[in-house]
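First the structure, in the form of structure tokens, and then the observations on it.
For the numbers below, each heavy atom of this structure counts, side chains included, while hydrogens, waters and symmetry mates do not. Since this is a predicted model, take the numbers as computed values, not measurements.
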Amino acid sequence: MNKLVRLLLRWKLLAVLIVVAGFVIGRLLGRLIPAPIIIALFAFLFLIALFFYFFSDRILLRWYHAKELNNENSPLYKITQRLAKNVGIQVPKVFIVHSAMPNAFSIGRNAHAGIVLTDALIDLLDDEEIEAVIAHEIVHVRNGDVFISTIVAVLSGILTAVATFAFWLSIFTGFGQEEDPAPNIIKFFFSSLLSPISAFFVHIFVHRSREFIADEQSVQIHGKTHKLISALEKIERELREHTHEINPAHAHLFIINPLHENEIELLDFHLPNYNALFQTHPKTQERIERLKRIGEKEGEEKKEKEEIMTKEMREKPKKRLKIRKHLFFSLLAYILVLFFIIVIDTFERKDFDFRRAAAISFIYLLTLSFIFSVVWSVLRAKLNECSR
């Protein structure tokens, strides 16, 4: 019963949004579209939802060209098998990704989960550090974190991938080469449109506290706090020294966020790259400090340790993350979309109707103001929490 209540509370926001949106859309469309078409539309959406439910993990595995480790005698498989048995879950599959980025993540539904390791991570860490990383991912699987984060990564990843698709499409249709301004302006335009919405959905379902929980509980499993600390330090150092291109909406999957927040220089303008909006991890140094305190206080009660940590975190000054510049350019992009809508409507009618254009603008801007106020509130709260 308690599990059911927690599940309902976890999904209450999404449920309310779906019910309200369904009611409003139903009332509006019911007068314009026949009932059979509406039923067919909702049936199609239901099938799409089922598709993402069952195949999101496979989409991500193909996205990263992950290869399953089938050798049961492999040290990686044996480590995973032992840790999974220790926490009482089914042994997740192990996948290897050929990448220069040292990182790891877990995906899939709880009974069909998988742990993905890059070969750069395997080369970087020693056996005990790899065990600490796998234990961290095992905890995510046991705690039920991976199912929601996998679906969110696929859905939000599709939105952010549109910018890359538009970039290459513009090149193939003759707008220029990779370094030319036109394709990069098009990419930035679509990033401005879709990144805030994609980041909004990521932050709704992914909370930074899950990393703290996975760190602490994984230490209880493998019993070597210093090994997880050294693993995090090595991964963080490598990720800060090198740039790795990934879909920003996938950053929450990894044990450490690999994204850099450097600005884009385009036509002598310094523009945001929108990676900052996808920061869901706490600072690595903060995680390490908490792990060190746990190691020093191993003999104390858990409640007392948490009280000390909470007090110390509250005493730390908060660093506000600036996202006004990101949302300003996003707002400009959406206003440009409004201009295109009015231009297209004028060409179709072969006449400019000021009242009609004003009505379209009013409804569009009113809706946009509401959406941006919600997105701004959520992103500001979540990102400031992560930037402490």
Side-chain angles (χ1 to χ4, degrees), residues 6-25 145 148-149 151-160 162-163 188-213 247-253 257 259 261 263 271-283 286 310 313-314 316-338 361-388:
R6 288 197 301 270
L7 183 63
L8 290 174
L9 290 175
R10 186 174 187 178
W11 286 89
K12 64 181 180 181
L13 176 61
L14 182 61
V16 169
L17 290 174
I18 291 175
V19 170
V20 172
F23 176 78
V24 173
I25 294 173
D145 298 334
I148 298 299
S149 62
I151 294 180
V152 169
V154 174
L155 293 176
S156 297
I158 290 173
L159 288 178
T160 53
V162 170
F188 179 75
F189 172 74
F190 280 98
S191 295
S192 301
L193 285 177
L194 300 173
S195 292
I197 305 301
S198 177
F200 170 80
F201 285 113
V202 169
H203 283 288
I204 284 292
F205 294 104
V206 179
H207 196 275
R208 76 178 197 134
S209 63
R210 72 187 198 133
E211 296 300 330
F212 289 134
I213 294 171
N247 189 308
H250 297 170
H252 67 276
L253 291 173
N257 185 349
L259 297 177
E261 299 173 9
E263 290 188 330
L271 306 175
N273 65 3
Y274 287 91
N275 287 345
L277 298 187
F278 294 90
Q279 175 60 266
T280 60
H281 288 63
K283 296 294 183 181
E286 184 182 351
T310 304
M313 292 312 301
R314 286 176 178 173
K316 285 186 176 182
K318 295 181 179 180
K319 178 184 175 183
R320 294 290 177 182
L321 189 64
K322 298 177 181 179
I323 60 173
R324 289 187 177 90
K325 191 173 183 179
H326 302 76
L327 296 186
F328 170 74
F329 283 104
S330 294
L331 185 60
L332 288 182
Y334 276 99
I335 291 176
L336 187 59
V337 170
L338 171 62
S361 300
F362 176 77
I363 295 173
Y364 182 91
L365 293 175
L366 184 64
T367 305
L368 186 65
S369 299
F370 172 74
I371 293 173
F372 260 72
S373 63
V374 174
V375 171
W376 162 262
S377 299
V378 171
L379 291 183
R380 185 177 61 175
K382 294 288 187 178
L383 291 171
N384 284 332
E385 187 181 65
C386 290
S387 65
R388 289 190 299 184

Just jot down the side-chain contact (heavy atoms from CB on, under 4.5 Å) partners of Leu338, sequence neighbours excluded, or say none.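 Checked Leu338 against side-chain contact (heavy atoms from CB on, under 4.5 Å); matches are Ile342, Ile360, Ser361, Tyr364, Leu365.
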Partners of Ser369 by side-chain contact (heavy atoms from CB on, under 4.5 Å), sequence neighbours excluded?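 Counting only residues at least two positions away or on another chain, Ser369 forms no side-chain contact (heavy atoms from CB on, under 4.5 Å).
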Between Phe328 and Leu332, does the side chain to side chain contact (heavy atoms under 4.5 Å, CB included) criterion hold? Intermediate values first, please. CA-CA 6 Å; Phe328 170 74; Leu332 288 182; 3.6 Å; yes
Less than 4.5 Å apart, side chain to side chain, heavy atoms only: is that true for Lys382 and Thr280? no
Are the side chains of Leu368 and Leu331 in contact, using a 4.5 Å heavy-atom criterion?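 Yes, their side chains come closer than 4.5 Å.
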Specify the closest pair of heavy atoms between [X] and [Y], including all atoms of both residues, with the distance to one decimal.
X: His203; Y: Leu277; answer: NE2-O, 2.7 Å
X: Asn275; Y: Pro248; answer: OD1-CG, 3.6 Å
X: Ala249; Y: Val202; answer: O-CG2, 4.3 Å
X: Ser149; Y: Leu253; answer: O-CD2, 3.7 Å
X: Leu259; Y: Ala251; answer: CD1-CB, 3.7 Å

Who pairs with [X] by side-chain hydrogen bond (donor to acceptor under 3.5 Å, both in side chains), at least two apart in sequence or on another chain?
X: Asn247; value: Thr160
X: Ser373; value: none
X: His250; value: Tyr64

As an exercise, state the distance from CZ of Arg210 to CZ of Arg208, rounded to the nearest 0.5 Å.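 Between atom CZ of Arg210 and atom CZ of Arg208 there are 13.5 Å.
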How long is the straight-line distance from CZ of Phe278 back to CG of Asn273, given to the nearest 0.5 Å?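 Nearest 0.5 Å value for the CG-CZ distance: 10.0 Å.
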Identify every side-chain donor-acceptor pair in residues 192-201 under 3.5 Å, counting partners at least two apart or on other chains, and give the distances.
residue: Ser192; atom: OG; partner: Phe188; partner atom: O; Å: 2.8
residue: Ser192; atom: OG; partner: Tyr274; partner atom: OH; Å: 3.2
residue: Ser195; atom: OG; partner: Ser191; partner atom: O; Å: 2.9
residue: Ser198; atom: OG; partner: Ser156; partner atom: O; Å: 3.0

Does Glu211 use its side chain to pair, donor to acceptor, with the backbone of Ile213 at less than 3.5 Å? no
Flag, side chain of His252 to backbone of His207, donor-acceptor distance under 3.5 Å: no
Excluding sequence neighbours, so at least two apart, what forms ring-ring contact (aromatic ring centres under 6.0 Å, His included) with Phe372? Tyr334
